[in-house]
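Below is one structure, written out as C-alpha cells; comments come after it.
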Amino acid sequence: MIEKSAADQHFSTAEAAKALRRIGGADLLRLQRVAQFRASGIPHVEWEDLLHTAIERVIGGTRKWPKNIPLVQFTAGVLRSLASECWAQHSRLKDVGVSHESDVSSTHSVIDSAASAISNPERELLAKEELGRIEEMFIDDEAALSIVMAKAEGYSPSDIQETFDMSETEYASALRRIRRTFARNPSAGADE
C-alpha cells in the first residue's frame, strides 16, 4: 500500500515524456531562458547541454516529476540542481588543481579565463541559488522572469526592453509586479 501511494505521487516516465512532447512554445522558451541563465558562467557548460540533460533525467525517471508541481517549474528546478552539480564539480576540480586547458576551445578568450579565475565559485553558487529562488517566484510571469534574469546578467532597462520586445509600459508594469512579489516575499532578498 505504501509503494502504491508513493507511485501515485509522481508521473510515470511515459507520462513525463508525453507531457514534454506536448510542451508549448512559450513554456519551451521559458525553459531555454532558464537553461541559459543557469549555464551562464559555468566553465565548459553550454545551456543546450544543460537543458538536454534535464529533459533526459525527467524522461528517464532519474528525476521523478511530482504530480503536484507543474512541468515547467519542475524542469526549472532540475536545471537549477544540474547547474549546482556543475558548479560543485568545477569547484572540486579547481581545489585539486585539475586544469581543463586542453578541453578549452580556441574561441575561449583570455578575458573569460581571467574572470573565472578571479571569481569565487562558492559565492557564485550561493548567488545562483538565491536567483533560483527568485526565478521560481516568477516562473508563471514571462515578462517578469525575463526582467529578473536579464537584470541578473547586468542588462540595462533599455537593453531588456529591446531584447524582449517590451514597451516602456509593459516593462514598468512587470517591474511593479516584481516589486509587489518581493514585498510579499521579503526572504528573497532582492533590491528592486
Side-chain angles (χ1 to χ4, degrees), residues 1-42 44-90 124-153 155 160 163-166 170-171 173-175 177-178 180-182 184-185 187-188 190:
M1 188 66 139
I2 293 174
E3 288 179 38
K4 186 175 191 263
S5 65
D8 288 342
Q9 294 175 4
H10 295 88
F11 288 102
S12 70
T13 55
E15 291 169 320
K18 185 177 181 180
L20 282 165
R21 278 192 303 272
R22 291 184 172 175
I23 198 164
D27 286 336
L28 182 58
L29 183 60
R30 280 189 194 114
L31 289 176
Q32 288 173 345
R33 287 181 179 161
V34 170
Q36 289 168 343
F37 169 69
R38 290 291 173 198
S40 68
I42 304 175
H44 317 295
V45 175
E46 299 294 327
W47 73 266
E48 295 94 341
D49 296 332
L50 199 65
L51 182 57
H52 181 75
T53 302
I55 290 171
E56 277 182 348
R57 290 191 180 183
V58 172
I59 291 173
T62 306
R63 301 289 172 99
K64 297 190 182 300
W65 175 25
K67 290 185 176 180
N68 63 339
I69 299 177
L71 178 61
V72 173
Q73 184 180 355
F74 175 69
T75 307
V78 174
L79 285 164
R80 183 180 65 243
S81 176
L82 286 170
S84 293
E85 288 173 23
C86 290
W87 275 114
Q89 181 181 20
H90 172 69
E124 289 178 19
L125 180 60
L126 290 174
K128 283 193 178 281
E129 287 174 356
E130 181 66 21
L131 285 171
R133 287 188 288 275
I134 292 168
E135 175 186 305
E136 284 181 14
M137 294 165 47
F138 300 105
I139 197 74
D140 293 324
D141 186 341
E142 186 175 345
L145 179 60
S146 298
I147 291 171
V148 168
M149 291 173 61
K151 281 187 166 282
E153 293 295 318
Y155 283 54
I160 293 170
T163 302
F164 298 105
D165 195 29
M166 289 182 194
E170 290 169 326
Y171 179 81
S173 296
L175 277 182
R177 291 193 305 273
I178 291 168
R180 284 193 300 264
T181 301
F182 285 140
R184 287 190 306 266
N185 300 288
S187 63

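Each residue takes its place number in the sequence, starting with 1.
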Checklist entry - To the nearest 0.5 Å, what is the distance between CZ (Phe138) and CD1 (Ile178)? => result 5.0 Å
Item to check | Between His52 and Glu56: side-chain donor-acceptor atoms closer than 3.5 Å | outcome: yes
Next on the checklist: Using every non-hydrogen atom in the two residues, find where Val45 and Cys86 come nearest and quote the distance to one decimal.
Outcome noted: CG2-SG, 4.1 Å
Next on the checklist: Just so I know, are the side chains of Val58 and Val78 near enough to count as touching, which here means a heavy-atom distance under 4.5 Å?
Outcome noted: yes
Donor-acceptor contacts under 3.5 Å from residues 24-37 side chains, at least two apart:
unit_1: Asp27; atom_1: OD1; unit_2: Arg30; atom_2: NH1; d: 2.5
unit_1: Arg30; atom_1: NE; unit_2: Ile139; atom_2: O; d: 3.4
unit_1: Arg33; atom_1: NH1; unit_2: Glu142; atom_2: OE2; d: 3.3
unit_1: Arg33; atom_1: NH1; unit_2: Ser146; atom_2: OG; d: 2.7

Next on the checklist: Within the 3.5 Å criterion, strictly below it, is a donor on Arg63 or Ser81 matched to an acceptor on the partner's side chain?
Outcome noted: yes
Checklist entry - Are Pro66 and His10 close enough that some pair of their side-chain heavy atoms sits under 4.5 Å apart? => result yes
Next on the checklist: If I take atom CG from residue Leu20 and atom CG from residue Leu71, how far apart are they, to the nearest 0.5 angstrom?
Outcome noted: 4.5 Å
Checklist entry - Just wondering, do Leu145 and Met137 contact through their side chains at under 4.5 Å, heavy atoms? => result no
Checklist entry - Got a sec: does the CG of Asn68 have more than 12 other heavy atoms crowding it under 6.0 Å? => result yes
Checklist outcome for this item: Residue set satisfying ring pair (Phe, Tyr, Trp, His ring centres under 6.0 Å) with Phe164, at least two apart, ordered chain then number -> none
Checklist entry - Could you state the interatomic distance from CD1 (Ile160) to CE (Met166), rounded to the nearest 0.5 Å? => result 7.5 Å
Checklist entry - Are any of the side-chain heavy atoms of Arg38 and Leu82 separated by less than 4.5 Å? => result no
Item to check | Value rounded to 0.5 Å, distance of CZ in Arg57 from OG1 in Thr13 | outcome: 16.0 Å
Next on the checklist: Can you tell me how far apart CG (Leu79) and CG (Leu50) are? Round to the nearest 0.5 Å.
Outcome noted: 5.0 Å
Next on the checklist: Assess whether a salt bridge exists between Arg22 and Glu15, defined as any Lys/Arg side-chain N lying under 4.0 Å from an Asp/Glu carboxylate O.
Outcome noted: no
Next on the checklist: Both conditions, 6.0 Å and 45 degrees, for the charged tip of Lys64 above the ring of Phe11: are they met here?
Outcome noted: no
Item to check | Minimum-distance pair of heavy atoms, taken over all atoms of Ala143 and Ala174 | outcome: CB-CB, 4.2 Å
